[in-house]
Amino acid sequence: MNSKQISYKILLVLFFLQLTTALPTIDPRAEEVKKAFKHAWDGYSKYAYGHDEIQPLSNGVSDSRNGWGASIFDGLDTMIIMGLEDDYNRGLDHIQKVNWTVTNAPSKTFETNIRYLGGLLSAYDLKGDLTLLQKAVELADKVIMPSFDTPNRMPAAFVDVENQRPAKGNIITLAEFGSLQLELVRLSQLTGNLKYERAGNHILEKISRVPSRVPGLYPMIWDLETFTPRSTYITISGGADSYYEYLLKTHILMEGKERLQLDMWNSAVGSMRRYLRSETHFGKVYLAEIEKNYKLMRSGELVCFMPGNLLLGAAYLKDRKIGRFAFELMESCYDTWAHSPTGLAPETWSWIDKSQNLAVFPENMRKSMLTTGFVAQDTGYDLRPETVESLFYFYRMTGDKTYQDKAWNIFQAIEKYCKTSAGYTRISDVMNLNNVGSLDFEESYFFAETLKYLYLIFSDPNYISLDEYVFNTEAHPFKLKTPIHVQARTFS
């Protein structure tokens, strides 16, 4: 056998070896989601680059999040995950030039924390560019930490970044001060400087000492100066949502080395089951709200992150009761999409509890309960990710591919009703097939959350595994120091 024949045989062996060790087949649906991201990103890059958001109908710009380029910070880790290297490098160049002491309005501490700081930390965990960590430290020191410069060391809702001090105002929501710890703990883990972790977790220690009328559940509106609730309104929706989400996730990020926040999460979940759970005459289960002594049959898309959070806790704690609760809520959340005329869920809805007499309600409510299982209130769709987020958790933790199919239905509805020539827009009426009412605005979280979760649902389950990462409330994944074991081992 001559040398050419030997070389040919070696090449054949290498070729067949490559076939047998190739990566899993890429789901074409992941590629379609990636195309959607590129379509939206190209529109933003052409018309609004460096601004916070694009107005994708008029090709105008918006700066609702400090004017530092929120879409870039929010989309950066999604670019890394999707392998969009050129877009990432351009984004990194922009980030290096941002001046944290210049804004068009006071910086909202919560939003800056989850979008900007969270985006930087996640991109650093995924890519390792030291610039990202340096900018994260600068942001924390110049914008986030000054919010704690209050008499009781509780974070202010807004910061005057030019003077690096809290802006005036004492009213703050539970989510605004109770959802800072995950990012600050991760920053301490990456830098070795414990001041960030101590500041974030101190908030939870102080919350735990405030009496709660409903165990583990707190009113949404608080007075910063007295650090006491200013209302009796309890919800798991906007203004409170991520507080409950972070209790479990911070415990996991800290390798289980703290107990307070896990206990607070367990207490809150127990009360959700006992006081907020509501079942309709047709078997749908929703999370209600409380105002004074009244149970309000009202919920919305923002609450639909909760099934995923519950399932994560159920798998982590091996708790079947919490798991059953998660499945009930997941089914009902998805059904608000599936039973909407457009396939898009309304922002908020109400319902009739099975303990209530259907006959006493108006005909239109009874008809809506029969046909959709809910009564739409705010009929808009703001490109929100919460149900998709929970579908991601359910697919990854159960291995059941029907959750992929449900996510695909949602993606197709977004494509049909929200797509414009320059991106994707929020709409005003998901219940009106003839006129959904485009509203000319694309939130930065569409890049950070909606498209990222959709892409990961159709990606290799070992890619950004829930065993190895915990996601912040803006879907920015942080690397766990110690892996956990929550993902399914088989998928079918």
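A side-chain donor-acceptor contact under 3.5 Å links K452 to the backbone of A475. Between the side chain of E442 and the backbone N or O of L383, no donor-acceptor pair lies under 3.5 Å. Proximity of a side-chain donor or acceptor of S278 to a complementary backbone N or O of A288 within less than 3.5 Å is not detected. With K34 contributing its side chain and M82 its backbone, the two residues share a donor-acceptor pair below 3.5 Å. Distance alone, capped at 3.5 Å, places no donor-acceptor pair between the T379 side chain and the M431 backbone. The backbone N or O of F447 sits less than 3.5 Å from a side-chain atom of T78, completing a donor-acceptor pair. Judged by distance alone, the side chain of D335 and the main-chain N or O of A338 form no donor-acceptor pair under 3.5 Å. Under a 3.5 Å cut-off, the side chain of N472 and the backbone N or O of I114 do form a donor-acceptor pair. One N or O on the side chain of H94 and one on the backbone of W68 form a donor-acceptor pair closer than 3.5 Å.
Counting only N and O atoms by type, the side chains of H251 and Q261 include no donor and acceptor under 3.5 Å apart. The closest side-chain donor-acceptor pair between W265 and N309 falls under 3.5 angstrom. With 3.5 Å as the limit, one finds no donor-acceptor pair spanning the side chains of E468 and N462. Between the side chains of T473 and E245, at least one donor-acceptor pair of N or O atoms lies under 3.5 Å. Judged by distance alone, the side chains of T387 and E301 do bring a donor and an acceptor atom under 3.5 Å apart. Looking only at atom types and distance, the side chain of D440 has no donor-acceptor partner in the side chain of T425 under 3.5 Å away. Using modelled atom types and a 3.5 Å distance limit, the side chains of T235 and S237 yield no donor-acceptor pair. Residues Q487 and D467 bring no donor and acceptor atom of their side chains to less than 3.5 Å of each other. Using modelled atom types and a 3.5 Å distance limit, the side chains of E258 and N201 yield no donor-acceptor pair. With no hydrogens or angles considered, a side-chain donor-acceptor pair links E255 and T482 at under 3.5 Å. Side-chain contact, S444 with D74: a donor N or O sits under 3.5 Å from an acceptor N or O. Side chain to side chain, E347 and Q377 fail the donor-acceptor criterion of an N or O pair below 3.5 Å. Checked by atom type, the side-chain pair N66/T112 shows a donor-acceptor distance below 3.5 Å.
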Could you give me the CA-CA distance, side-chain angles and deciding distance for D129 and Y88, then say whether side chain to side chain donor-acceptor pair (under 3.5 Å) is met? CA-CA 11 Å; D129 282 335; Y88 166 77; 2.3 Å; yes
Check the pair S64 / D52 against side chain to side chain donor-acceptor pair (under 3.5 Å), numbers first and verdict last. CA-CA 6 Å; S64 70; D52 289 338; 5.0 Å; no
With side chain to side chain donor-acceptor pair (under 3.5 Å) as the test, would you mind laying out the steps for W349 and S299 before giving the verdict? CA-CA 6 Å; W349 58 85; S299 191; 4.8 Å; no
Take E289 and K295 through the test salt bridge (charged side-chain N to carboxylate O under 4.0 Å, His left out) and record every step on the way to the result. CA-CA 6 Å; E289 300 175 334; K295 187 174 181 178; over 6 Å; no
Would V214 and L276 count as a side chain to side chain contact (heavy atoms under 4.5 Å, CB included) if you check the C-alpha gap in whole Å, the side-chain angles of each, and the deciding distance to 0.1 Å? CA-CA 10 Å; V214 181; L276 301 188; over 6 Å; no
List the steps, then state whether ring-ring contact (aromatic ring centres under 6.0 Å, His included) holds for Y286 with F374. CA-CA 10 Å; Y286 301 113; F374 62 91; 7.5 Å; no
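Nearest heavy-atom pair across E415 and K419 is O-CB, 3.3 Å. Pairing each heavy atom of K292 with each of T232, the nearest pair is N-OG1, 2.9 Å. For E53 against S71, the heavy-atom pair with the smallest separation is CA-OG, 4.0 Å. Summarising the geometry of A488 relative to T398, their closest heavy-atom pair is CB-C, 3.7 Å, with the distance given to 0.1 Å. Pairing each heavy atom of A413 with each of T342, the nearest pair is CB-O, 3.5 Å. Considering all non-hydrogen atoms of both residues, I207 and G178 come closest at CD1-CA, 4.3 Å.
Using a 4.0 Å cut-off between a side-chain N of Lys or Arg and a carboxylate O of Asp or Glu, K127 and E85 qualify as a salt bridge. The existence of a salt bridge linking D382 and R426 is confirmed by a sub-4.0 Å separation between a basic side-chain nitrogen and an acidic carboxylate oxygen. Using a cut-off of 4.0 Å between Lys/Arg side-chain N and Asp/Glu carboxylate O, E279 and K354 are scored as salt-bridged. A salt bridge links R277 with E328; the closest basic N to acidic carboxylate O contact falls under 4.0 Å. Electrostatic pairing of E32 and K35 counts as a salt bridge here, judged by a charged N lying under 4.0 Å from a carboxylate O. Ion pairing of K401 with D27 is absent here, as no side-chain N (NZ or NE/NH1/NH2) approaches a carboxylate O to less than 4.0 Å. Ion pairing of E443 with R384 is absent here, as no side-chain N (NZ or NE/NH1/NH2) approaches a carboxylate O to less than 4.0 Å.
In this pair, F446 and Y424 present their aromatic rings tilted. The plane angle is within the 30 to 60° band. In this structure, W41 and Y44 have tilted ring planes: the angle between them lies in the 30° to 60° band. Using the six-membered ring where Trp is involved, Y453 and Y393 have ring planes that are tilted, between 30° and 60° apart.
Around CZ of R320, the count of heavy atoms belonging to other residues, nucleotides or ligands within 6.0 Å does not exceed 12.
The aromatic ring centroids of F177 and Y243 lie 6.0 Å or more from each other. For F471 and F478, the ring centers sit 6.0 Å or farther from each other.
Results of the ring pair (Phe, Tyr, Trp, His ring centres under 6.0 Å) test with Y395 over Y403, W408, F491 single out F491 as the only residue that passes.
For the pair R90 and Y49, the cation-pi test (distance below 6.0 Å, angle within 45°) is passed.
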